[in-house]
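Heads up, the thing below is written out as structure tokens.
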Number of protein chains: 2
Amino acid sequence: MEQAENTARAQRNPDQTRQRILEAAFMEIYRNGFQGMRLDEVLAATRLTKGALYHHFPNKQALGYAVVDEVILPTMQAMWVQPLRGAEEPLGALVEVIEQMVDSKPPEMIQYGCPLNNLAQEMSPLDEGFRQRLDYAFAIWHDSVQAALEQAQRLGQIRKDCNCDEIATFVLAAMEGCIGLAKAAQSRERLRTCNRGLIQFLQSLKAH
Amino acid sequence: MEQAENTARAQRNPDQTRQRILEAAFMEIYRNGFQGMRLDEVLAATRLTKGALYHHFPNKQALGYAVVDEVILPTMQAMWVQPLRGAEEPLGALVEVIEQMVDSKPPEMIQYGCPLNNLAQEMSPLDEGFRQRLDYAFAIWHDSVQAALEQAQRLGQIRKDCNCDEIATFVLAAMEGCIGLAKAAQSRERLRTCNRGLIQFLQSLKAH
DNA sequence: TATTCTACCAACCAGCCGGTATGCAGGCAA
DNA sequence: TTGCCTGCATACCGGCTGGTTGGTAGAATA
């Protein structure tokens, strides 16, 4: 009788509950921004109540911080950092990652943009706690791109006089800019066009 | 007696009142986003009341639209489009505009980023009215960059095989990306670093 | 089996926020 | 002067939103 009523609810699994809250909060933030996220919407999505949320997180801000640390940062690493790890063709791997994002699994990339950059743009001037966490994520990302460029340099794929630190920073900026422009246009084609420019830049670094 | 009380208030000047509301609303949106803008704050800044605001604008959305049309778009044109108009050295003018934005008059550029892009990132997926207006502003901007590039091409400053349309799109994306990254870091130095990458890209277009 | 603690629910609350209703002073036409 | 319309001010409201409080069922502990 009880099992027939609601199989999903009754079981006591705090870690999973916390994770469900985090993921629902992430989606709400992704779509509406942190200020636009409504806790009631998160609870409706998880079919939980205020009590559950405030048992796992002291307030909305802490929930936001946790979303950065435990959802956005790991996702970013899996999507952008991991593919560059120890690639034999670092420059090619970089280009490939850029091209892949056009037809990336989540089709929301064009509609809603980059979760990391969205939150950074919204919250960096308003909340130092957010800013530090998001800037840290950018730093991780930057270092992986820089490492790939330096490896490409060692392999003679790009010129020796390139400042890999500086270029990595610009590549990050350009990628976020491309995604942002595509989002503003709500157009996947715009992202393709934009990315071609970025790839053209990377090609211009090649040694010949 | 009446003149001594409050010289600024009493005079009946609807156009100026409307303009004051627009500028205060712009600053609020610039700092907190459209969703984060509170009408009460706008009214506090202008020392007006609800009656005045709702006399000039039917609702919050319409106020936001008016800010785009009457503040953000003209400002963008003055800052980015105008300097490229009929420049004898279009490529040099482009580089100069980019370099100037590092030490631009409003020091809030690093703190709060680009008003146009901020709003585009926040509202494009949520409100088609905003999206169209902001996309239109981007189109104006794009066309002016494209025209400058094509002029540079005619003058033999950049290679003939460059796709100026595509490059202009990428340049826009890169500029917004640079500003965004600097905002995320809250660092003027980051903007300088980032801009050097963009200028390096523009140099790579040169014919030799 | 009695006790305790964890995980969560249900109900409520205060403050804010967009929006409205109403009133009224001053310019302007007649 | 009279009346009218524009340009605001004042006061108010309903609903939403983050946050709180008291309780309780079930697992863990003893």
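A quick note: this is a predicted structure, and the numbers were derived from the prediction, not measured.
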Could you tell me how far apart [X] ([atom1]) and [N] ([atom2]) are, to the nearest whole angstrom?
X: R38(B); N: dC16(D); atom1: CZ; atom2: C1'; value: 12 Å
X: L43(A); N: dC8(C); atom1: CG; atom2: P; value: 12 Å
X: D40(B); N: dA11(D); atom1: CG; atom2: P; value: 15 Å
X: Q35(A); N: dG18(D); atom1: CD; atom2: P; value: 11 Å
X: L53(B); N: dA9(D); atom1: CG; atom2: P; value: 10 Å
X: I21(B); N: dG7(D); atom1: CD1; atom2: P; value: 12 Å
X: N13(A); N: dA25(D); atom1: CG; atom2: P; value: 21 Å
X: F57(A); N: dG18(D); atom1: CZ; atom2: P; value: 15 Å

- Item | side-chain hydrogen bond (donor to acceptor under 3.5 Å, both in side chains) against Q146(B), all qualifying residues, sequence neighbours excluded |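 Q146(B) satisfies side-chain hydrogen bond (donor to acceptor under 3.5 Å, both in side chains) with E150(B) only.
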- Does the salt bridge (Lys or Arg N to Asp or Glu O under 4.0 Å) test come out yes or no for E128(A) and R131(A), once each step is laid out? CA-CA 5 Å; E128(A) 181 65 14; R131(A) 199 196 66 73; 3.0 Å; yes
List for me each residue that meets salt bridge (charged side-chain N to carboxylate O under 4.0 Å, His left out) alongside [X], sequence neighbours excluded, and say none if there are none.
X: R188(B); answer: none
X: E96(A); answer: none
X: D165(B); answer: none

What are the atom names and distances for every N/O pair under 3.5 Å that joins the protein to nucleotides 19-23 of chain D?
from	atom 1	to	atom 2	distance (Å)
dG19(D)	OP2	Y54(A)	OH	2.8
dG19(D)	OP2	K60(A)	N	2.9
dG19(D)	O5'	Y54(A)	OH	3.4
dG19(D)	N7	K50(A)	NZ	3.2
dG19(D)	O6	K50(A)	NZ	2.9

- Tell me whether the OP1 or OP2 atom of dC8(D) has a side-chain N or O from T17(B) closer than 4.0 Å.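 Answer yes for this pair, as a side-chain N or O of T17(B) is under 4.0 Å from OP1 or OP2.
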Please tabulate, for side-chain N and O atoms in residues 58-72 of chain B, each donor-acceptor pair with protein atoms closer than 3.5 Å (sequence neighbours left out).
from	atom 1	to	atom 2	distance (Å)
N59(B)	OD1	Q61(B)	N	3.3
N59(B)	OD1	A62(B)	N	2.8
K60(B)	NZ	F34(B)	O	3.1
K60(B)	NZ	M37(B)	O	3.2
Q61(B)	NE2	Y65(B)	OH	3.1
Q61(B)	NE2	D127(B)	OD2	2.8
Y65(B)	OH	D127(B)	OD1	2.6
Y65(B)	OH	D127(B)	OD2	3.3
D69(B)	OD2	R133(B)	NH1	2.6
E70(B)	OE1	R18(B)	NH2	3.0
E70(B)	OE2	R18(B)	NH2	2.4

- Item | F201(B) ring center near F170(A) ring center (under 6.0 Å) |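 No, the ring of F201(B) stays outside the 6.0 Å limit from the ring of F170(A), centre to centre.
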Show every donor-acceptor pair shorter than 3.5 Å between a side-chain atom in residues 79-89 of chain A and any protein atom, with sequence neighbours excluded, or say none if there are none.
from	atom 1	to	atom 2	distance (Å)
E89(A)	OE1	Q157(A)	NE2	2.4

Just list the side-chain donor-acceptor pairs under 3.5 Å for residues 175-184 of chain B, sequence neighbours left out, or say none.
from	atom 1	to	atom 2	distance (Å)
K183(B)	NZ	Q121(A)	O	2.6
K183(B)	NZ	Y112(B)	O	3.4
K183(B)	NZ	N118(B)	OD1	3.1

Give each protein N/O atom lying under 3.5 Å from an N/O atom of nucleotides 4-6 of chain D, with the pair distance.
from	atom 1	to	atom 2	distance (Å)
dT6(D)	O2	R12(B)	NH2	2.1

